[in-house]
K.L.:
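My questions all concern the structure below.
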Amino acid sequence: MIVVFDAQCLLCDGWVKFLLRHDQRRVLRFASIQGAHGQAFLAQAGLKVEGLQTLLLVDGDRVWQHTAALLRMFHALGGAWRLAWLAWLIPAPLRDALYRFLARHRYAWFGRSESCLLPPADYAQRFLD
């Protein structure tokens, strides 16, 4: 499973660090939207970097975005994190509207790095670019 994220977004960077800490089985890999692999995944999903308000989760031929991607990531972490699946009880339009609202304001609220953040050295092999 590959998480495609905005490496300039400090909220996204925090999310990736959270996933790295809690992915004990090491099932998640990462690609930034600013890199070649991330660009290819976005193109495959029919998305453009400009104005992008989601991260992607790519699992083989399947691609998820918005809250569906987040919930599948929690499920992949295993253990008690799988309880996040209860959020599926909330209608997707409501979940995704909240997600898009947060995504629209992520730079203003959490900040933005002028350059792509580098992965921690001990996790570098899990990043595609």
Side-chain angles (χ1 to χ4, degrees):
M1 300 176 96
I2 301 167
V3 178
V4 183
F5 68 101
D6 181 353
Q8 293 180 322
C9 168
L10 296 180
L11 174 63
C12 302
D13 178 62
W15 176 246
V16 168
K17 288 177 182 174
F18 170 85
L19 292 172
L20 286 168
R21 261 192 328 274
H22 296 286
D23 182 15
Q24 301 301 316
R25 297 178 300 141
R26 298 181 175 265
V27 296
L28 298 173
R29 295 173 58 202
F30 303 89
S32 74
I33 62 171
Q34 290 83 7
H37 288 92
Q39 296 276 322
F41 288 125
L42 289 177
Q44 175 186 346
L47 300 171
K48 296 180 182 180
V49 174
E50 297 80 31
L52 186 69
Q53 294 182 356
T54 187
L55 52 78
L56 298 180
L57 180 65
V58 180
D59 189 7
D61 292 336
R62 308 231 24 214
V63 177
W64 292 276
Q65 53 185 311
H66 305 302
T67 57
L70 289 177
L71 294 174
R72 290 184 185 283
M73 287 178 221
F74 276 121
H75 186 70
L77 295 178
W81 295 112
R82 288 188 176 187
L83 291 175
W85 276 85
L86 292 172
W88 284 108
L89 298 173
I90 301 168
L94 182 59
R95 287 191 328 258
D96 289 344
L98 181 61
Y99 179 98
R100 285 189 301 274
F101 178 77
L102 180 64
R104 268 193 311 275
H105 297 93
R106 70 188 185 276
Y107 294 137
W109 294 347
F110 299 96
R112 179 180 187 155
S113 174
E114 291 303 316
S115 61
C116 294
L117 299 165
L118 297 174
D122 50 338
Y123 294 111
Q125 73 279 6
R126 296 181 63 193
F127 286 78
L128 300 180
D129 34 40

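Counting from 1, the numbers follow the sequence of the chain as shown.
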K.L.:
Which label fits Phe101 and His105: parallel for a plane angle under 30°, tilted from 30 to 60°, or perpendicular past 60°?
P.N.:
tilted
K.L.:
What residue pairs, at least two apart or across chains, pass side-chain hydrogen bond (donor to acceptor under 3.5 Å, both in side chains) with a residue in residues 75-85?
P.N.:
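Passing the test, one end in residues 75-85: His75-Trp85.
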K.L.:
Using a 4.5 Å cut-off on heavy atoms from C-beta on, say whether the side chain of Leu70 contacts that of Tyr99.
P.N.:
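Yes. Closest side-chain heavy atoms under 4.5 Å.
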K.L.:
Is there a path of hydrophobic side-chain contacts, each under 4.5 Å between heavy atoms of I, L, V, M, F, W or Y residues, that connects Val3 with Leu11?
P.N.:
no
K.L.:
Tell me whether Tyr107 shares a hydrophobic cluster with Leu98, the cluster being built from Ile, Leu, Val, Met, Phe, Trp, Tyr side chains joined at under 4.5 Å.
P.N.:
no
K.L.:
When rounded to the nearest 0.5 angstrom, what distance separates CG in Leu20 from CG in Leu28?
P.N.:
8.5 Å
K.L.:
Side-chain contact, heavy-atom cut-off 4.5 Å: Asp13 with Lys17?
P.N.:
yes
K.L.:
Is there a continuous path of hydrophobic side-chain contacts, each under 4.5 Å between heavy atoms, that joins Trp88 to Leu57?
P.N.:
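The answer is no; the residues belong to distinct hydrophobic clusters.
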K.L.:
Using atom types as modelled and distance alone, determine if a side-chain donor or acceptor of Ser32 lies under 3.5 Å from a backbone N or O of Gly35.
P.N.:
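Here the side-chain-to-backbone pair exists.
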K.L.:
Are Leu55 and Tyr123 joined in one hydrophobic group, where the rule is that I, L, V, M, F, W and Y side chains link up if heavy atoms are under 4.5 Å apart?
P.N.:
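Same cluster: Leu55 reaches Tyr123 through Ile, Leu, Val, Met, Phe, Trp or Tyr contacts under 4.5 Å.
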K.L.:
Dump the intermediate steps for side chain to side chain contact (heavy atoms under 4.5 Å, CB included) on Leu10 and Ser113, then the final yes or no.
P.N.:
CA-CA 7 Å; Leu10 296 180; Ser113 174; 4.3 Å; yes
K.L.:
Quick one: closest heavy-atom pair of Ala7 and Gln34, and the distance?
P.N.:
N-OE1, 3.0 Å
K.L.:
Could you report the tightest heavy-atom contact between Arg25 and Gly78, atom names first, then the distance?
P.N.:
NH2-N, 4.2 Å
K.L.:
Would a hydrophobic clustering, with Ile, Leu, Val, Met, Phe, Trp and Tyr connected at side-chain separations under 4.5 Å, put Met1 with Leu71?
P.N.:
no
K.L.:
May I ask you to decide whether Arg126 forms a salt bridge with Asp23, counting only side-chain N to carboxylate O separations under 4.0 Å?
P.N.:
yes
K.L.:
Indicate the atoms forming the closest heavy-atom contact of Val63 with Ala45, along with that distance.
P.N.:
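Between these two residues, the closest heavy atoms are CG1-CB, 4.1 Å.
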K.L.:
Any donor-acceptor pair under 3.5 Å linking the side-chain atoms of Gln65 with those of Asp96?
P.N.:
no
K.L.:
Tell me whether the centres of the aromatic rings in Phe74 and Trp15 are closer together than 6.0 Å.
P.N.:
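Ring centroids of Phe74 and Trp15 are less than 6.0 Å from each other.
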K.L.:
With side chains defined as the heavy atoms from C-beta onward, is the minimum distance between Phe18 and Leu77 less than 4.5 Å?
P.N.:
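With C-beta onward as the side chain, the pair touches.
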K.L.:
Tell me every residue that passes salt bridge (Lys or Arg N to Asp or Glu O under 4.0 Å) with Arg72, counting only those two or more places apart in sequence or in another chain.
P.N.:
none
